[in-house]
Amino acid sequence: VVTVHVPLTERRDDSYDILIGRGLVDDLGTLLAERCRAAAYAVIADSHVASVYGERVVAAAQRTGSAVHLLTFPAGEWNKTRETWGALSDRLLDLPLGRDAAVVALGGGVSGDLAGFTAATYLRGLPWVQVPTTLLAMIDASIGGKTGVDTRHGKNLLGAFHQPRLVVADLDTLSTLSAPHIAAGMAEALKHGVIADAEYFDGLVRSHGAIRARDGATLEGAVSRSVEIKAAIVAADARERGPRAALNFGHTIGHALEAVSAYALLHGEAVAIGMAYEGRLAERQGIAAPGTAQRITAALARFGLPLDLPEGVSVEALIDTMRVDKKSRGGEIRLALPARVGAMAGDETHGWTAAVSVAALREVLAGPAGRQP
Ligand SMILES: NC(=O)c1ccc[n+]([C@@H]2O[C@H](COP(=O)([O-])OP(=O)(O)OC[C@H]3O[C@@H](n4cnc5c(N)ncnc54)[C@H](O)[C@@H]3O)[C@@H](O)[C@H]2O)c1
Ligand SMILES: [Zn+2]
């Protein structure tokens, strides 16, 4: 088992561990008892994950001797809403669970964001543990304490920072995940490479075959390195006041695309398209070294990720959506852009994001992002 510690410097009590290994789901009883003891546990999972792993997780949690309740909601990004959050909260009130209870978020990023937001707000906050079961959630979504729901105005616009007590990533759960969801997780892994580690980036490209084949050691290596990179960034900036903006590479366009396409794309697919266009934009603005965009698109293509805007997506609708994004300030569109593969352009003196004119954005979005190899 690999353990990565997230040492939150602003609020030391919020520090927690991420455990990465195989068969960890069956150890949940001991882990919960040691790291998040509670009088009762609410395991929150989407309908699909609940049918595959719900029983095992409930049985493991029952070994704490506490009462365990399984709460489910319909799977799908379009259910990451206030309505679902409200329904889950009402069910906790109906039980009722008190302040001595804890939440276990079981599933992908949608479960994590919804269950985490429920935990953050229920009786002004319950402790919670994340059990991510998608590659994307293990690599990215389960680290950093961001929770929330989407609205018709855009993604994740209502939410809270609420750090989990523990994250338990059981790599064995990836065996039941679909191939497109493995690829979607790799978009975030490649993003971490672009942000912080060119060698990791190149290593991922080289091992694309092993990753697609779900080779255990290769997946463990990727999840561990990505978690380290993300943990180091969020540890220094838990509430996104500065350097954490780097993690938004690919997400300004990606989030807008998700919203505009009514969630027809997976989050990781939208981020891949976002990285392809934002890479080009960074080069066009003279921010990124020549060749950066090509290197990024070639890597994404290796994993079969999409690079171009889907047919029928309106560039103007995308730009309108980006204007209400949390990262945009005062009407101009700000993006976290790379200087090259392995380093972001932002810094303390020049700001962590770059302002880009709508005209430049429009021009880049009007063309193809990827020269498909
Ligand atoms: N909080 C954060 O910091 C953060 C970071 C990145 C992404 N996110 C959010 O994460 C969400 C995307 O996460 P996701 O891609 O994991 O989506 P998801 O949670 O919808 O999971 C994808 C699908 O896979 C299924 N599934 C999950 N685990 C499975 C398994 N082991 N076997 C078989 N099927 C399984 C789910 O039922 C679902 O249908 C987005 O809402 C995004 O905004 C949050
Ligand atoms: Zn993401």
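Order of listing sets the numbers, starting from 1, for every ligand and every atom in it. The model shown is predicted, which means the values in this text are computed figures rather than measured ones.
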Near [X], which atoms of ligand 1 are under 4.0 Å from a heavy atom of that residue?
{"X": "A141", "answer": "1 (N), 2 (C), 3 (O), 4 (C), 5 (C), 6 (C), 7 (C), 8 (N), 44 (C)"}
{"X": "G108", "answer": "16 (O), 19 (O)"}
{"X": "K155", "answer": "40 (C), 41 (O), 42 (C), 43 (O)"}
{"X": "H48", "answer": "25 (C), 33 (C), 34 (N), 35 (C), 37 (O)"}

Apply the salt bridge (charged side-chain N to carboxylate O under 4.0 Å, His left out) test between R56 and each candidate in D27, D26, D172; give the one that qualifies. D26
At under 4.0 Å between heavy atoms, is it the side chain or the backbone of [X] that contacts ligand 1, or both, or neither?
{"X": "E258", "value": "neither"}
{"X": "D113", "value": "side chain"}
{"X": "T133", "value": "both"}
{"X": "D46", "value": "side chain"}
{"X": "K146", "value": "both"}

If you have a sec, work out which protein heavy atom is nearest [atom] and how many Å separate them, to one decimal?
{"atom": "atom 18 (P) of ligand 1", "result": "V110 CG2, 3.8 Å"}
{"atom": "atom 35 (C) of ligand 1", "result": "L177 CD1, 3.6 Å"}
{"atom": "atom 39 (O) of ligand 1", "result": "A75 CB, 4.1 Å"}
{"atom": "atom 23 (C) of ligand 1", "result": "H181 NE2, 3.4 Å"}
{"atom": "atom 21 (O) of ligand 1", "result": "T134 CG2, 3.6 Å"}
{"atom": "atom 26 (N) of ligand 1", "result": "V49 CG2, 3.6 Å"}
{"atom": "atom 10 (O) of ligand 1", "result": "G109 CA, 3.2 Å"}

Quick check: are there more than 12 heavy atoms from other residues, nucleotides or ligands sitting under 6.0 Å from CD of E55? no
Evaluate whether atom CG of D13 has more than 12 neighbouring non-hydrogen atoms of other residues, nucleotides or ligands under 6.0 angstrom away. no
If the test is side chain to side chain contact (heavy atoms under 4.5 Å, CB included), which one of L265, L305, L300, L307 qualifies with I273? L265
Checking side chain to side chain contact (heavy atoms under 4.5 Å, CB included) against L93, which of D90, L97, L95 comes through? D90
Please round to the nearest 0.5 Å and tell me the distance separating atom CG of L247 and atom CG of D140. 7.0 Å
From T3 OG1 over to L19 CG, what is the distance, rounded to the nearest 0.5 angstrom? 5.0 Å
Answer yes when [X] and [Y] have at least one side-chain N-carboxylate O distance shorter than 4.0 Å, and no when they do not.
{"X": "E363", "Y": "R284", "value": "yes"}
{"X": "D170", "Y": "R22", "value": "no"}
{"X": "E283", "Y": "R280", "value": "no"}
{"X": "R165", "Y": "D17", "value": "no"}

Tell me yes or no: between the side chains of H267 and E77, is some donor less than 3.5 Å from an acceptor? no
Check: T147/H162 side-chain N/O donor and acceptor closer than 3.5 Å: no
Before signing off on this row, confirm whether [X] and ligand 1 have an N or O atom pair separated by under 3.5 Å.
{"X": "E77", "result": "yes"}
{"X": "I143", "result": "no"}
{"X": "T176", "result": "yes"}
{"X": "T173", "result": "yes"}
{"X": "G76", "result": "no"}

Is the shortest distance from a heavy atom of [X] to ligand 1 less than 4.0 Å?
{"X": "N156", "value": "yes"}
{"X": "K230", "value": "yes"}
{"X": "D140", "value": "yes"}

With a 4.5 Å cut-off on side-chain heavy atoms, are L114 and I44 touching? no
Establish, yes or no, whether a centroid distance under 6.0 Å links the rings of F117 and W85. yes
Do any N/O/S atoms of E188 come under 2.8 Å of the Zn ion (ligand 2)? yes
How wide is the angle at the Zn ion (ligand 2) spanned by H251 NE2 and H267 NE2, rounded to 10 degrees? 100°
